[in-house]
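Here's the structure, in structure tokens; my notes come after.
This is a predicted model, so every value here is computed, not measured. Order of the sequence lines fixes the chain letters, A, B, ..., with proteins taken first and strands second; residue numbering starts at 1 for each chain.
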There are 2 protein chains.
Amino acid sequence: MTRTVKDPETRRGELIDAAEELFLANGYEETTVADIVRKIGVAQGTFYHYFKSKDEVLDAITDRWIEEIKEGVAGIASGDDSDSIEKIIRVFGFFSSLGKSRQGLVEYVHEGRNAHLHNKFERKVPSILTPLFSRMIEEGVRERFFDVRYPEMAALFIIVTTGAISHIYETYRLNENTEKMNEITAATFYFIERILGAEQGIFIKYASRMEAST
Amino acid sequence: MTRTVKDPETRRGELIDAAEELFLANGYEETTVADIVRKIGVAQGTFYHYFKSKDEVLDAITDRWIEEIKEGVAGIASGDDSDSIEKIIRVFGFFSSLGKSRQGLVEYVHEGRNAHLHNKFERKVPSILTPLFSRMIEEGVRERFFDVRYPEMAALFIIVTTGAISHIYETYRLNENTEKMNEITAATFYFIERILGAEQGIFIKYASRMEAST
DNA sequence: CAATAACTGATTGACAGTCAGTCAATACCA
DNA sequence: TGGTATTGACTGACTGTCAATCAGTTATTG
């Protein structure tokens, strides 16, 4: 094949893009390195010039996703135009919109065959989000919305719970069990209020007020 | 090699035992089917006579573990010699003792290289334990210890949270960060009390009373 | 023009899974 | 009781696939 040299950053990007697309379409295990390189028309060796292993591209892909999540949450959390309740609601809204625009991705991450990826997410997400949530919760405590003895632990609990529950939510969504889906959503807010020691129903109240003002 | 015919149940058991031992020692990916059959001195084909794939033995192994957990919890939950608070404390005690007697297993399940297995656990455990926890929580509501609108969801939340937190607890344990470990334990009870709408500190109070009476 | 780095693609080694066939035990019949 | 048919446990060489390697080639840069 004719040889084309590109800016390393570009090439690396091409490889990650191709891998991401194929992993999403066919799964990690089912995608071969040969598939990835064929997609952009380079030799197999080129792949290994940029990545030490197949696993390493997966890391690069998840890092990209996690960076996106981090920036989205940080953007909401750092704003001083809203109180902590509003911020937390917006963060959940951000998660939900991310899930909707990337439905394939959500299904993918929860599929059994992609245990590998799911695991990477489970490791990285809490460590990135806990400090951000922690700050919002502490802000909420100062604002007297919340009353909680362990703000950092509360953050961790909320994050891991939401993550694990989304797993179960996803199975109900695939079975079109709307009743259970609604129950999970309602229960999630109910328990988050309890964990944070917030007034019962305050999240729903705020959420509908926020919707009305748009 | 000389041919020895055994009772199929025995042979199947031998294969599962050998696979479990090797998976625990070296990891799932790192163990080959050839290793498994070599260990008990049968041909590779024999393995595939009993299992459709390498993944299927892993299923058999996790099913065995999960059965053990289920029976342990069911035994505690069904007893009518204790109230719901005591039962829940005993269940957590059971988890902790399981973790101690099988330290290798716990570390193993949480190791990155065994994402596959971790995922299997995460799928199976909640579906098995939720009904059992649900009943204990409903019992506690009748006994006026708890006050919670969604008992089944509370069960689910507590189970997935405990599972995910144990993951994080494990990393602190490996780093010998005793402070964080204690904080997690205290926070876990604190938040479980909040989720269940129980009196603050009731679990600790009961736990120390139970210890005193032994 | 020398050094560096991007790139090639045939090759290797490891492994999951297959398959055609062997052998032992049991069941059935004369 | 002895002969034979059937079942299914068991064998192990073999295959196809794939991640990873490596010796070599081409472009770029100073």
Can you tell me the distance, in whole Å, between the NE2 atom of A/His116 and the C1' atom of D/dA19? 13 Å
Given D/dT11, is OP1 or OP2 found less than 4.0 Å from the side-chain N or O atoms of B/Thr46? yes
Quick one: which of C/dG9, C/dC7, D/dA9 gets closest to the side chain of A/Tyr50? C/dC7
Side chain of A/Pro8 only, please: which of C/dA6, D/dC10, C/dT8 is the nearest? C/dA6
Taking all atoms of both residues into account, what is the closest heavy-atom pair of A/Glu56 and A/Tyr50, and its distance? OE2-O, 4.1 Å
Using a cut-off of less than 4.0 Å, is there contact between a side-chain N or O of B/His49 and OP1 or OP2 of D/dC10? no
Kindly determine whether A/Lys70 and A/Asp63 satisfy salt bridge (Lys or Arg N to Asp or Glu O under 4.0 Å), including the steps that lead there. CA-CA 10 Å; A/Lys70 186 184 169 183; A/Asp63 282 346; over 6 Å; no
Flag side-chain contact, heavy atom, 4.5 Å: B/Leu132 against B/Leu129: yes
Tell me which residues in residues 29-40 of chain B lie within less than 4.0 Å of DNA chain C, going by non-hydrogen atoms. B/Thr31, B/Thr32, B/Val33
Whole angstrom value for the distance that separates P of C/dA25 from NZ of B/Lys6: 14 Å
Could you give the CD-to-C1' distance, from B/Glu9 to D/dG8, as a whole number of Å? 14 Å
Whole angstrom is fine here: how far is it from CZ in A/Phe51 over to P in D/dC18? 20 Å
For the side chain of B/Ser53, counting heavy atoms from C-beta on, which of C/dG17, D/dA20, D/dA9 is nearest? C/dG17
Please indicate whether B/Glu86 has more than 12 foreign heavy atoms, meaning atoms of other residues, nucleotides or ligands, lying under 6.0 Å from its CD. yes
Separation of C/dT8 atom C1' from A/Gln44 atom CD, nearest Å, is 11 Å
Does a nitrogen or oxygen in the side chain of B/Tyr48 sit under 4.0 Å from OP1 or OP2 of C/dG17? yes
Rounded to the Å, how far apart are B/Asp7 CG and C/dT26 P? 11 Å
Side-chain contact, heavy-atom cut-off 4.5 Å: B/Leu196 with B/Ile137? yes
First of B/Arg11 and A/Asp55 reached from the 5' end of DNA chain D, by closest nucleotide: B/Arg11
Is the Lys NZ or Arg CZ of B/Lys54 less than 6.0 Å from the centre of B/Tyr48's six-membered ring, within 45° of the axis? no
Please give, in whole Å, the distance from D/dA9 C1' to B/Leu15 CG? 12 Å
Using a 4.0 Å heavy-atom cut-off across all strands, classify A/Phe47 as base, sugar-phosphate, or nothing. nothing
Separation of atom OH in A/Tyr28 from atom P in D/dC18, rounded to whole Å: 13 Å
Check: B/Lys6 main-chain N/O paired with B/Thr10 side-chain donor or acceptor under 3.5 Å: no
